[in-house]
Number of protein chains: 2
Amino acid sequence: MTPSVRILLCDDHAVVRAGLLALLGGEPDIDVVGEAGSGEEAVALAAQLTPDVVLMDLQLGSGIDGVEATRRIATAGAGAVNVLVLTTYDTDADITRAIEAGATGYLLKAERPEELFAAIRAAAQGRTTLSPPVASRVMARMRSPRPTLTERELDILGQLSQGLGNRDIARALFISEATVKTHLGRIYEKLDVDTRAGAVSVAKEQRLLP
Amino acid sequence: MTPSVRILLCDDHAVVRAGLLALLGGEPDIDVVGEAGSGEEAVALAAQLTPDVVLMDLQLGSGIDGVEATRRIATAGAGAVNVLVLTTYDTDADITRAIEAGATGYLLKAERPEELFAAIRAAAQGRTTLSPPVASRVMARMRSPRPTLTERELDILGQLSQGLGNRDIARALFISEATVKTHLGRIYEKLDVDTRAGAVSVAKEQRLLP
DNA sequence: GGCCCCGTCAGCCGATCGGTTGATGCGGAG
DNA sequence: CTCCGCATCAACCGATCGGCTGACGGGGCC
């Protein structure tokens with residue numbers, strides 16, 4: 001018979017971890033070998049325990065976030081550790097970042113538990129599983145590539161969401177006001193808004209900022 | 001011996017519900033008698049099953065939100081149904097709204113599972129339990145009452161976060177631009193910002209808008 | 001080498017915003 | 001009845017924003 005799949009849980013909510021632990025306890029071929037409540041802990045435990053799959057939440061209260069933890073785990077040494085993202089959000093930004101960071105799969109917590117079990121078994125063999133809504137978004141993005149904000153534009157957007165004026169943004173980033181305005185114009189285009197307030201609103205909703 | 005506590009789960013994430021179900025299954029004196037994936041479903045099942053406690057998440061993807069569901073359940077008929085909020089967020093706005101809506105307790109998912117069990121048993125008897133961080137916030141708010149936005153100010157803030165200019169906000173709410181500016185000034189004061197972008201940022205972070 | 005994206009900068013101008021002062025009416029609390 | 005919070009409106013003014021046009025250099029790609 002096939003050996004059990006060894007799992008490391010990473011979620012900052014103790015109740016959720018306990019729930020997953022109890023849930024996965026019902027599957028004989030799935031063994032939870034560790035729990036992490038932060039990204040740092042997950043990276044350390046992944047290196048130490050070398051589980052088959054890390055079940056990773058993206059938003060982890062403090063410290064490094066799930067994307068960064070995923071990146072470190074996925075790119076570490078042997079690379080035999082597969083990261084399966086299990087999270088609430090299905091925004092383009094999150095999905096894109098997680099995949100770029102090397103996630104093996106991306107599941108939503110809204111998924112049925114059976115799908116989770118199946119995805120875990122698939123991930124253990126390096127096979128990818130995406131929740132239907134996630135897959136849809138990925139396909140949609142392939143078909144009509146939506147404009148992505150550049151690094152610099154995200155910098156401006158970050159300052160903008162602090163409520164700073166153009167002059168202060170310019171000073172904070174060591175550029176001229178004219179440049180700030182140029183970037184803002186492009187940001188408005190890409191986010192399909194025409195005011196700073198609208199840009200901040202979209203940025204927060206799409207979780208474009210950390 | 002004391003009879004079992006009858007529980008109704010309400011969370012829009014199937015995996016989380018299954019996790020809680022498995023977790024609570026380990027407690028002999030706690031019986032999960034129903035599951036709801038939406039606020040509407042929770043209200044209907046609460047009326048039909050009359051559980052001792054409803055475990056309610058606040059953010060429910062679509063339909064009515066957890067606060068509204070809590071209000072309807074708490075104010076329905078006999079009122080013997082206690083709502084225990086179990087959620088991720090500990091912002092003042094969420095806590096305040098939930099308590100006003102009639103929640104019996106407010107727990108964070110970051111809490112230890114044992115605390116959850118204890119809180120459920122307490123809630124079954126109508127006793128209140130608050131997570132430590134939540135209790136702290138409540139106390140802090142009592143000591144230094146932070147300014148609360150009025151209904152009207154929230155209206156303006158809502159329009160503002162759509163990126164509308166003062167003129168458009170005025171038209172949308174059937175008031176004059178002068179009034180919009182007056183409200184905005186007070187909103188800036190209360191949120192401790194001085195630009196519209198900053199106000200939107202704070203509003204999103206504090207979850208002041210639905 | 002040419003092309004295009006990115007980041008940088010400039011100047012202009014009308015529209016809008018933010019701050020201020022002051023005023024009215026209405027409703028509830030004391 | 002009076003006080004106060006809330007919502008409403010007015011007029012003013014300097015500062016800022018948004019949109020525009022145009023420009024330059026660097027880096028990657030073919």
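From a predicted model like this one, the values you see are computed outputs, not experimental measurements. Order of the sequence lines sets the chain letters (A, B, ...), proteins ahead of strands, with each chain counted from 1. Basis for what follows: all heavy atoms, side chains included, without hydrogens, waters or symmetry-related copies.
Here A/T195 lies in heavy-atom contact (under 4.0 Å) with sugar-phosphate atoms only.
Rounded to the nearest 0.5 angstrom, A/D57 CG and A/L20 CG are separated by 9.0 Å. Separation of atoms OG1 (B/T91) and CD (B/E205) is listed at 11.0 Å; rounding is to 0.5 Å.
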Exercise. Checking side-chain hydrogen bond (donor to acceptor under 3.5 Å, both in side chains) for the pair B/T87/B/Q59: CA distance, chi angles, key distance, verdict?
Worked result: CA-CA 8 Å; B/T87 190; B/Q59 60 280 9; 3.1 Å; yes
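Side chains of A/S161 and A/K204: a donor-acceptor N/O pair is absent below 3.5 angstrom, by distance only.
Nearest nucleotide to the side chain of B/Y188, out of C/dG19, C/dC9, C/dC12: C/dG19. The side chain of A/R186 approaches C/dG7 more closely than any other nucleotide in the set C/dC9, C/dG7, C/dG18.
On the nucleic acid side, DNA chain D contacts chain A at distances under 4.0 Å to non-hydrogen atoms, with the end points of that region at D/dT16 to D/dG19.
Within a 6.0 Å radius of CD in A/E114, other residues, nucleotides and ligands contribute more than 12 heavy atoms.
Residue pairs meeting the salt bridge (charged side-chain N to carboxylate O under 4.0 Å, His left out) criterion with at least one member in residues 119-128 of chain B, sequence neighbours excluded: B/E27-B/R121, B/D29-B/R121.
Rounded to an integer number of Å, the gap from B/K181 NZ to C/dG22 P is 17 Å. Note: CG (B/D192) to P (C/dG18) measures 15 Å, nearest angstrom.
In this structure, the side chains of A/L116 and A/L55 come closer than 4.5 Å at one or more pairs of heavy atoms.
Contacts with DNA chain C (heavy atom under 4.0 Å) in residues 148-177 of chain B: B/G165, B/N166, B/R167, listed by number.
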